[in-house]
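Below is one structure, written out as structure tokens, with a few remarks after it.
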Amino acid sequence: MTSFRFSDALLWSALLIPFAAPQALAQAYPNKPIRLVLPYAPGGATDFIGRTLAQHLGDTIGQTVIAENRTGSGGIPGTDYVARAAPDGYTIVMMDPAIAINPTLLPSLPFDTFKDLQVVSRVNSAPLVLVASPTLPVKTYDEFVAYAKANPGKLNFSSAGIGTSPHLASELFIQRAGISAVHVPYRGIGQSYTDMMSGKISFAFSSFAGALPFTADNRVRPLAVSSLKRGAIYADVPTVDEAGMKGFEVDLWYVILAPAAVPADTVGKLNAALVKALALPEVKAAFAKIGAEPVSSTPQAGTAFLKSEYEKWRKVILDANLQQK
Amino acid sequence: MDVFANLTIGFGVALTAQNLLYCFTGVFLGTLVGVLPGIGPVTTVAMLLPISFTLPPVSAMIMLAGIYYGAQYGGSTTAILVNIPGEASSVVTTIDGHQMARQGRAGPALGIAAIGSFFAGCVATLLICVAAPPLAAIALNFGPAEYFSLMVCGLIAAVVLARGSVVKAIGMVVLGLLLGLVGNDINSGVRRFTFGARGLADGIEFVALSMAIYGIAEVAYNLEKKAGQADVMSRIGRVWPAWADIRHCIPSILRGTALGTLLGVLPGGGALLAAFGAYTLEKKVARHPRTFGHGDIRGVAAPESANNAGAQTSFIPMLTLGIPSNPTMAMMIGAMMIHGISPGPRVMTDRPELFWGIIASMWIGNLMLVVLNLPLVGMWVKLLRIPYRLLFPAIIGFCCIGAFAVNGNASDVLVMAFFAIFGYLCLKLDCEPAPLILGFVLGPLMEENLRRTLLISRGDPMVFVEEPISLGFLIVSALLLVVVAAPAIRRKREEALQE
Amino acid sequence: MNIRAPKDFWSGLMFIAFAAVAMLAARGYSLGGAGKMGPGYFPMLLGGVLALIGAILVGRSFVIDGERVGRLHLFPLCVIAFGVCLFGVLLEPLGLVIALIVVVLVSALASRESRPVEAGVLALALAAFSVGVFVYALRLPLPVWPALLS
């Protein structure tokens, strides 16, 4: 079809030869920008927390920290990318409870949470709030539980998809309260508020940021928060624990993870810089805007925390028979 | 009237030098990213979100809003020039817009798109001023059953807009629906049709699919023409639309604006359905519908007006209810939260300077866009003078970067290569891609809403006809089907009589 | 029997092929009932409808006259698709500059009118432009140079 001359072929191949680039010199860590992978879509809570943290971590570690979105379902592609990255401490990831949920929920993961990754530090703690439709004849947590028990199988609850923290929080709540209700998944809790206002959805566990616009003018009712202690936001709403379900705690936490083979002294440097960044008042103020609180930890305490979360959700998932085949 | 007092507050805020600058930055960036493939408003807003935290809330929102509707303008430019729709809603624009470009009428196509968008933007903004709360109430009345029926209606409209065989168009819609289901099922978490490929877990990327079947397949199709024939586009006629063109389009712009304004209010697919619906409507009311698909300027004017009107009114549910109608809006809600503002009905009363300032800025932004874009038309048209042998490798290169950049995922590029081959076969077989794209975008939404409706009704399908709005859409769908089928039936009968 | 409408015939076959793949794959997903639809319900339904439409097209193509399929020119198509695949494979290990130059040069081969020197200049210019716009101005996370070198 194409008439081809040998001289042309030579020219083509000459053009296809790649060229070289300057080689980076080895110096003490960190001597080049660090990439903080955010495995969820831009614009959400993960993105905000991650970008705020990246900015301040850059100051405390003395190197630019670039926040990079690598999105994909359940944060798996982003986490997998870091699990396989060079173990030099220049590629780290911030993950949410999905990292503790997915090993039980999904039949297979491309990485092993505990073998391929290590915790550098915890990042924050952010409770959820139990909200109910204004069409239900209930005003308080107690009335709600009583109503739900009197109407088994009639209520619907929404979530941001199967196996997400808001979903599992509701499952845990249902299991412990002895209620039966139907799970209706949405692409995000935000989408479900219209249906909650009209009464098609009866209740949900939502992040503070997601619920505030709707509870501010009572278009949906806040009934209880999922932390053990009340915080600054929803200070007049009881915790589920004090309202009667002892020890009920669900947290939308984040942790920073690095590839498992990163040497201990590098992890130590990263951890020290993270602890310093998380203690900054600016960080505290920024996190507070979406109802989160900075929490730092040692790598060991972070690992122990991750294990306990894994055990907690494993039980909920197995009891509700949610695991994928 | 209150509206004037409110608008005075609004313009007072929007006309300060600082806010004018941010508005301009927003619409300029929006136009730029709308033109570049793969980078949409979502990516841009995400990149600028951190900067916006340091600005006063009103300026931040004005800038982010500008990016959003500016990108709607920019998206039609590539749709017309090189047949690559930047956004799902400019898919319809490619049908007649690119045909016009091939006939050397790229200038009038771009011009009418800008004029139609400007008019639609102004009207929609005015409507937000006077009727935001009642329009917001429409969105509140839409539950899963209503959305499902609306989508049925939209898909049938897509069949009507097809140029050739109705059966093939239905086939393409259904195939699009199936392609839309690839990836994680949110109801069960099961991964469907991924065939073990992790890159498909989140489904087929829209940008990769649309660039493949429009952009790349089109290039392959053009290359097989004999030398010189492919350069038809470089024959440039006039740069501006003639007055006769504009007058010819006025009714289309009006209808497109009306439809876009109404459907834009609905979260999820509203603006997209508006563009498809407006095109279908034009084709149905036109005296000579056969000119559609062959470079009819009304086929550009109506959907462009509709998608820009929809882009403006999609702010209504966000500003008045706090409900995000699309991912960009979700991010803007995030931005407001971070500034300590809870979006919802109280924004209007608690922060009137913010609410009315944003609305006034939209009007100013639309004016800026038209001033910015009309002179650019001349430049864009000159771009087509570049010989095709230089233009097409550049198109392929940009498509590749775009497909990768959306998710930073190399497998999206491979998906694009696969669908380029598929798209070429469709071109050869006269299977139109527009119904496929609509099905693709609506497929997951349709399934979700169907399953959601039946979960909530505990399996009773009667809800679809018991809810009045849902029933209305189903009746319209049935009527549309009759309209589609009638000419075919009549023809059959005539054939039978002749025999 | 003669195929009287080849375009319809082949379109129908294409639909049937997609439907077959969809329905075979959907066998593995549970169907569920109306109240709690499984992940296989909607795909099965759509697959069935698509197969039916394909069958109608094929059947009709023996009865009604229609257009012939134009000649397929697979060379430019395959060259371009190959170039795109190369970009996908090369981008992460070798970076944007090399991957872009490769895809531009390879796809230039698809046209008889391309000239090597001109294509080379175009490739370099596009690479410079893309690095400037996408990497520096828009700050997209794209690797610019080979991973081994940075």
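Source: prediction; values computed, not measured. Numbers restart at 1 for each chain; the letters A, B, ... are given by sequence-line order, proteins then strands.
The choice from B:M172, B:M446, B:M416 that makes the most heavy-atom pairs within less than 4.5 Å of chain C is B:M172. Considering only heavy-atom pairs separated by less than 4.5 Å from chain C, the leading option among B:G397, B:C400, B:A220 is B:C400. Most heavy-atom pairs under 4.5 Å with chain B: of the set C:A26, C:P39, C:A25, this distinction falls to C:P39.
Heavy-atom distances place the side chain of B:C426, and not its backbone, under 4.5 Å from chain C. Residue contact with chain C, scored on non-hydrogen atoms closer than 4.5 Å, involves the backbone and the side chain of B:I421 alike. Looking at B:S165, the atoms closer than 4.5 Å to chain C (heavy atoms on both sides) all sit in the side chain, from C-beta outward. For B:I456, no part lies near chain C; criterion is any non-hydrogen pair under 4.5 Å. The contact between B:V167 and chain C is made by backbone and side chain atoms together, counting heavy-atom distances below 4.5 Å. Looking at B:R452, neither its backbone nor its side chain comes within 4.5 Å of chain C, counting heavy atoms on both sides. Neither the backbone nor the side chain of B:Y221 comes within contact range of chain C, judged by heavy atoms closer than 4.5 Å. Heavy-atom distances place the side chain of B:I216, and not its backbone, under 4.5 Å from chain C. Of the atoms belonging to C:L77, heavy atoms from both backbone and side chain fall under 4.5 Å from chain B. B:F404 touches chain C through its side chain: at least one heavy atom from C-beta onward sits under 4.5 Å away, while N, CA, C and O do not.
Here OG of C:S107 is found 11.0 Å from CZ of C:F87. Values are rounded to the nearest 0.5 Å.
Between C:D8 and B:K168 there is a salt bridge, since at least one side-chain N of the basic residue sits less than 4.0 Å from a carboxylate O of the acidic one. Here B:E447 pairs with B:R192 in a salt bridge; the nearest charged N to carboxylate O distance falls below 4.0 Å.
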